[in-house]
Each structure stands twice: as C-alpha cells, then as structure tokens.
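Since the structure comes first, as structure tokens, the remarks are kept for the end.
Remember, it's 1-based here, ligands and their atoms both numbered in the order they're listed. These figures come from a predicted structure and were not determined experimentally. One-based numbering along the sequence shown.
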Amino acid sequence: MKIGIIGSGNMGRSVGILWAERGHEVFFSSREAAKAQAIAELAGHGARGGTNDAAAAFADVIFYGVRELPSKVFSATDVLASKVLIDCNNSPIPEDFAFEPIAESIAEKFAADVPNAHIVKAFNTFAQEVFELSPDPLGQYQVSCFVCSDNEQAKQTVINLIAEIGFNPVDCGELRRARMVEGLGDFIRFMIGGRKLGSYATISVHQLPQAKEQRLGGRKPGYA
Ligand SMILES: NC(=O)c1ccc[n+]([C@@H]2O[C@H](COP(=O)([O-])OP(=O)(O)OC[C@H]3O[C@@H](n4cnc5c(N)ncnc54)[C@H](OP(=O)(O)O)[C@@H]3O)[C@@H](O)[C@H]2O)c1
C-alpha cells in the first residue's frame with residue numbers, strides 16, 4: 001500500500017518503519033522536509049520523505065500522529081478525498097491525570113473537519129516502546145489494537161495493517177466508539193505514568209474458553 005506518515009514523531013516514525021519493513025511504500029513527512037528525509041533514510045526499504053502535503057498526495061492510507069486538525073496541517077484537504085486517515089491521537093495529559101469524560105472524541109472532530117476522508121481510530125492504547133517489540137516477540141502477547149470507523153472498508157484496511165505488524169486488531173464498531181477507545185488511552189497512560197507501570201504496560205481484550213461446568217450456579221437474571 002502507499003502509506004503517508006503525517007507527523008513523523010515517535011508514533012509515526014515507528015509504525016512507518018515497521019510498514020516499510022513489511023513491503024509497503026512509505027512516505028514520511030514533516031513541516032521540515034529534511035527531517036522527514038532523514039527518517040526515510042533510517043527506515044530504508046525505499047521509503048521517501050518530504051512535506052506533509054506531498055505525503056498526503058502520495059498516500060492511499062495516512063497515519064496521522066498530529067493533534068492539530070487536518071485542515072490546519074494541509075494547504076488543501078481535497079487531497080484527502082476517499083483516503084483512509086488513521087488517527088492515533090490522545091489528548092494532552094492533564095495535571096495529576098485528572099482526565100475529563102470524553103463527550104466528543106478527537107477522531108470525531110477530525111471526521112467533522114475533513115468529511116471527505118475516512119477516519120479510523122487506532123494505535124492510541126499502547127506506548128511507542130511497544131512498537132519496538134514488533135513483530136517478534138510482540139505477536140505472542142496478543143496485544144489489542146482497538147479500531148473504529150464509520151467506513152467498513154477503511155476499517156478493514158487498517159485491521160490488516162495492524163495484524164501485519166504483530167498486534168491483535170479489535171473491531172470496536174463505528175467512529176463514535178472512539179470516545180471509549182480514547183478513554184482507554186487515558187486509562188493506560190494513567191497506569192503507565194500515574195501508577196508507574198512503565199511503557200510496556202498494555203491493555204487488551206482476551207476471549208477466554210467457556211467454563212466446562214457452571215459449578216457456581218451460572219448467571220441468573222440480574223444486572224447486565
Ligand atoms: N508516544 C506514545 O507513546 C503515544 C502512544 C499512543 C498515542 N500517542 C498519541 O499519538 C500522537 C502523536 O504522539 P507522538 O508521541 O508521536 O508525538 P511526537 O513525537 O511529538 O510527534 C508528533 C509530530 O507531530 C508533528 N506536529 C506537531 N504539531 C504540529 C502541527 N501544529 N502541525 C503539523 N505537524 C505537527 C511534529 O512533526 P514536525 O515537527 O516534524 O512537523 C511531530 O513530529 C499524540 O496525540 C499522542 O498522544 C502517543
């Protein structure tokens with residue numbers, strides 16, 4: 001796939017290198033084209049570097065690791081038409097991790113800002129350090145990467161890209177579910193920083209095998 005990395009910081013640089021290693025055509029970008037070119041050299045595998053506009057024009061899939069609205073980052077947004085835009089963002093960490101409840105997610109704000117793009121929320125619930133474990137030994141730990149979007153095809157594209165680099169994609173449904181997924185991002189950052197578990201702490205959903213017998217009496221009607 002042709003992948004543009006907008007905001008080649010910790011997240012974008014890391015995931016872009018991993019996708020380049022998997023054979024994708026990756027274009028790293030920055031407000032300073034020279035910085036993006038240096039990252040492309042680090043990535044190898046034919047990766048390119050340049051401006052944010054050039055990366056968006058090049059790509060079919062855009063990994064967007066910038067908190068700023070896309071309309072403020074690109075000189076024109078028509079270049080995003082029908083493209084997949086992966087939003088990995090979380091809001092800034094407030095003093096003492098006193099996060100407010102999320103009434104509207106960053107992903108929904110992006111969707112309102114650039115309605116011609118297909119926004120997909122993903123990659124916001126683990127730290128950059130976890131990418132360093134990809135693809136091995138990461139795969140053996142079944143680390144969840146939560147995904148939501150209003151466009152099924154875009155979501156499936158991202159699910160495939162997630163699985164390729166050793167994460168376990170977890171389909172969370174439509175884009176409004178990003179409110180919960182961003183809440184998970186806040187929670188894990190609290191655990192990492194506030195509770196001092198460190199950057200290799202992750203949050204995942206696991207499906208357990210059913211109990212062979214209900215020796216505790218099983219579930220009775222009650223609260224859900
Ligand atoms: N780091 C993590 O472990 C982690 C984990 C999960 C989610 N996240 C979330 O992912 C997002 C990115 O995090 P990060 O750690 O990759 O951040 P970062 O290292 O600071 O990289 C962000 C990049 O965004 C670009 N940028 C910043 N302001 C911009 C603006 N106004 N216009 C255009 N580009 C701008 C910068 O690129 P140039 O200066 O080169 O243009 C910068 O390299 C954040 O929302 C963060 O909460 C981070």
So does [X] pair up with [Y], basic N to acidic O under 4.0 Å?
X: Asp60; Y: Lys2; result: no
X: Arg176; Y: Glu174; result: yes
X: Glu108; Y: Arg179; result: yes
X: Asp171; Y: Lys155; result: yes

Atom indices of ligand 1, in the order listed, that fall short of 4.0 Å to a heavy atom of Gln128: 2 (C), 3 (O)
Val73: numbered ligand 1 atoms lying under 4.0 Å from its heavy atoms: 32 (N), 33 (C)
Neighbour count above 12 (heavy atom, 6.0 Å) for Gln128 CD: yes
Neighbour count >12 (heavy atoms, 6.0 Å) for atom CD, Gln140: yes
Counting both backbone and side chain atoms, is some N or O of [X] under 3.5 Å from an N or O of ligand 1?
X: Arg67; result: yes
X: Asn10; result: yes
X: Val66; result: no
X: Lys35; result: yes
X: Ser30; result: yes
X: Arg31; result: yes
X: Asn90; result: yes

No-hydrogen, no-angle side-chain donor-acceptor test under 3.5 Å, Asn168 and Ser144: no
Between Glu164 and Asn160, a side-chain donor and acceptor under 3.5 Å: no
How far is [atom] from the closest protein heavy atom, and which atom is that?
atom: atom 7 (C) of ligand 1; value: Cys88 O, 3.3 Å
atom: atom 44 (C) of ligand 1; value: Asn89 OD1, 3.4 Å
atom: atom 6 (C) of ligand 1; value: Phe126 O, 3.3 Å
atom: atom 2 (C) of ligand 1; value: Met11 SD, 3.6 Å

Ring pair (Phe, Tyr, Trp, His ring centres under 6.0 Å) contacts in which one or both residues fall within residues 165-205, not counting sequence neighbours: Phe97-Phe190, Phe126-Phe167, Phe131-Phe167
Sub-4.0 Å protein heavy atom near atom 20 (O) of ligand 1: no
Tell me which donor-acceptor pairs under 3.5 Å the side chains of residues 37-48 have, and how far apart each pair is, sequence neighbours excluded?
from: Gln37; atom 1: NE2; to: Gly49; atom 2: O; distance (Å): 3.4

Residue selection (non-hydrogen contact nearest atom 22 (C) of ligand 1) among Gly65, Ala34, Gly7: Gly65
Candidate with minimal heavy-atom separation from atom 42 (C) of ligand 1, of Ser91, Ser199, Ser14, Gly9: Gly9
Contact with ligand 1 for Glu32, non-hydrogen, under 4.0 angstrom: no
Part of Arg13 with heavy atoms under 4.0 Å of ligand 1, whether side chain, backbone, both or neither: neither
Trp19 and Phe123 aromatic centres sub-6.0 Å: yes
